[in-house]
K.L.:
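Below: one structure in structure tokens.
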Amino acid sequence: MRPFERRLITLCSVALLAAAPARALAIGAEEDAKTLFARGRELRSAGQCEQAVIAFRSALEIYPEGLGALRNIAECEEELGRYASARRDWWDLRRAALQSNEAKYAGWSDDAEARYRALGSKVGTLTVRLKGAEGRPPVQVVLDGKPLDPRLLGVELERDLGAHTVELFYGGAAPIAERAELTPGARQVVTLTVPAPLPARDALSAPSASGTPPSGIRMGGYVALGVGGAGAIATVVALAVRAGALSAVEEGCAPAGGGAYECPPSLQGDYDTGKTASTLAGVFAGVGLVGIGAGVTLLLLSPSEPTSPAPGKPAAELVLTPAPGGLGSRLLVRF
């Protein structure tokens with residue numbers, strides 16, 4: 001035997017040995033598919049098409065050449081009223097039968113095409129349209145829990161009869177959802193509108209030329225006047241308490257000379273009260289003067305309001321009146 005012939009025989013032997021495991025796997029897959037197919041036939045005969053479809057699909061995935069499983073799937077879906085799914089499977093069966101060389105599948109392509117056309121009047125279609133998405137960030141449309149390819153927007157889609165949910169995710173707190181009910185031969189159109197963005201609140205966010213809103217200056221003046229008025233009232237109260245304590249000390253104590261008094265121990269509390277009230281009167285008087293002065297200054301410096309306060313609006317007014325021993329002040333607030 002020549003060397004060339006020996007090499008050729010060796011290569012053929014290797015090829016046969018390598019093909020043997022693949023052939024064995026194919027035979028094993030076909031046997032498993034037949035088992036699943038038989039199980040599907042049993043379920044279908046028992047009227048359990050839902051479970052039968054699962055068994056037939058498993059058989060088809062293991063052994064795609066077994067077109068009987070695909071035909072049974074289409075027939076079961078037709079019995080379940082899933083006309084859109086049945087049409088897709090009938091058309092897949094037509095294409096697969098045309099490509100098959102098996103004699104047992106002869107004529108199946110014609111049967112599949114006939115069933116495909118017969119179900120055309122029973123199928124409902126759903127068209128999803130989108131408005132307001134131009135110039136906006138990308139949005140996502142979800143149909144029955146599955147993202148919808150943007151290329152299918154505006155296209156009539158065959159769907160099984162019943163309820164379908166269309167959701168628009170545009171970045172908001174919650175998606176916009178629409179529900180459509182498909183009946184035999186119905187052509188439903190769902191239009192989703194992307195909400196317009198909220199207008200910018202420039203008037204509230206932009207600072208004024210002076211850095212502080214004019215109303216803030218006037219409000220600051222009113223607050224300062226309120227503090228000054230409270231200080232003035234506290235001063236009057238402290239002076240009244242001091243005067244009462246001083247009167248009690250003068251009545252119950254004997255003069256000791258040099259402006260001093262000799263008092264019994266029982267008047268020590270009145271003496272301490274008068275001393276404390278005298279100190280507080282000085283503090284409150286300073287607060288009152290500063291507050292009133294600051295308030296008047298802020299009101300004079302604040303820009304005038306374009307309109308006067310409407311009737312019933314809160315307003316404040318500082319009134320200076322003569323009082324015994326000097327000039328008095330009152331802060332009037334109207335509600």
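Any value given below was found using the heavy atoms of this structure, including those in side chains, with hydrogens, waters and symmetry copies removed.
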K.L.:
Can you name the nearest heavy-atom pair linking A97 to W108, along with the distance?
P.N.:
CB-CB, 4.0 Å
K.L.:
Quick one: closest heavy-atom pair of R151 and V155, and the distance?
P.N.:
O-CG2, 3.8 Å
K.L.:
Should V142 and V190 be regarded as members of a common hydrophobic cluster, given that ILVMFWY residues are connected when their side-chain heavy atoms come within less than 4.5 Å of each other, either directly or indirectly?
P.N.:
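Different clusters.
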K.L.:
Are R88 and W91 in a cation-pi contact, defined as NZ or CZ under 6.0 Å from the six-membered ring centre and within 45° of the axis?
P.N.:
no
K.L.:
Hey, could you give me the CH2/CD distance between W90 and E77, rounded to the nearest 0.5 Å?
P.N.:
10.5 Å
K.L.:
Name the residue from T127, V128, V189 that meets the side chain to side chain contact (heavy atoms under 4.5 Å, CB included) definition with E156.
P.N.:
T127
K.L.:
Please tell me if the side chains of L143 and L126 come closer than 4.5 Å, counting only heavy atoms from C-beta onward.
P.N.:
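Yes - at least one pair of side-chain heavy atoms lies under 4.5 Å apart.
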K.L.:
Going by an N to O cut-off under 4.0 Å, is there a salt bridge joining R57 and D89?
P.N.:
yes
K.L.:
Just how far is it from atom CZ of R94 to atom CD of E113, taken to the nearest 0.5 Å?
P.N.:
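It is 4.5 Å, given to the nearest 0.5 Å.
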K.L.:
Rounded to the nearest 0.5 Å, how far apart are CD of Q99 and OG of S109?
P.N.:
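So the CD of Q99 and the OG of S109 are separated by 11.0 Å.
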K.L.:
What's the shortest heavy-atom distance between G124 and L161, and which atoms?
P.N.:
N-CD2, 3.9 Å
K.L.:
With a 4.5 Å limit on heavy-atom distance, are the side chains of L182 and Q188 in contact?
P.N.:
yes
K.L.:
Got T191 and K131 here, is their nearest side-chain heavy-atom distance under 4.5 Å?
P.N.:
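When only atoms from C-beta onward are counted, K131 and T191 do touch, with a gap below 4.5 Å.
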K.L.:
Once rounded to the nearest 0.5 Å, what's the spacing between atom CD of E78 and atom CG of L119?
P.N.:
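Taking CD in E78 and CG in L119, the distance rounds to 4.5 Å.
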K.L.:
To the closest 0.5 Å, what do you measure between CZ (R95) and CG (L98)?
P.N.:
9.5 Å
K.L.:
For the residue pair E158 and R87, establish whether any side-chain heavy-atom pair is separated by less than 4.5 Å.
P.N.:
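Yes; the side chains approach each other to less than 4.5 Å.
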K.L.:
Please say yes or no: joined through hydrophobic side-chain contacts below 4.5 Å, possibly via intermediate residues, are L70 and L36 part of one cluster?
P.N.:
no
K.L.:
Do L130 and L152 sit in one hydrophobic cluster, given that two such residues count as connected whenever their side-chain heavy atoms are within less than 4.5 Å of each other, even indirectly?
P.N.:
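Yes, same cluster.
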K.L.:
Less than 4.5 Å apart, side chain to side chain, heavy atoms only: is that true for S58 and D32?
P.N.:
no
K.L.:
Heavy atoms, side chains only, cut-off 4.5 Å: are R44 and N72 in contact?
P.N.:
yes
K.L.:
Would you kindly confirm whether Y63 and I73 end up in one hydrophobic cluster when ILVMFWY residues are joined by side chain heavy atoms under 4.5 Å apart?
P.N.:
no
K.L.:
Salt bridge between K146 and D144, side-chain N to carboxylate O under 4.0 Å?
P.N.:
no
K.L.:
Could you please spell out the steps behind the side chain to side chain contact (heavy atoms under 4.5 Å, CB included) verdict for I176 and Y170?
P.N.:
CA-CA 8 Å; I176 298 175; Y170 64 98; 3.8 Å; yes
K.L.:
Write down the atom of C49, the atom of C76, and the distance for their closest heavy-atom approach.
P.N.:
SG-SG, 3.0 Å
K.L.:
Within the 4.5 Å heavy-atom criterion, are L157 and L148 side-chain neighbours or not?
P.N.:
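Side chain of L157 against side chain of L148, heavy atoms only: contact under 4.5 Å found.
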K.L.:
For the pair D160 (side chain) and G81 (backbone), establish whether a donor and an acceptor sit closer than 3.5 Å, ignoring hydrogens and angles.
P.N.:
no
K.L.:
Given F56, which of R41, R71, E75 fulfils the side chain to side chain contact (heavy atoms under 4.5 Å, CB included) condition?
P.N.:
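When R41, R71, E75 are each tested with F56, the side chain to side chain contact (heavy atoms under 4.5 Å, CB included) holds only for R41.
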K.L.:
Can L192 and R129 be said to form a side chain to side chain contact (heavy atoms under 4.5 Å, CB included), step by step?
P.N.:
CA-CA 6 Å; L192 301 172; R129 294 176 179 171; over 6 Å; no
K.L.:
Answer with yes or no whether the hydrophobic clustering places V139 together with V166; edges join I, L, V, M, F, W, Y residues whose side-chain heavy atoms lie under 4.5 Å apart.
P.N.:
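Linked, V139 and V166 end up in one cluster.
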K.L.:
Of all heavy-atom pairs between E61 and P64, which one has the smallest distance, and what is that distance?
P.N.:
O-CD, 4.1 Å
K.L.:
Given side chains that start at C-beta, do those of V141 and P147 come closer than 4.5 Å, heavy atoms only?
P.N.:
no
K.L.:
Measure across A29 and I62 and return the closest heavy-atom pair with its distance rounded to 0.1 Å.
P.N.:
O-CG2, 3.3 Å
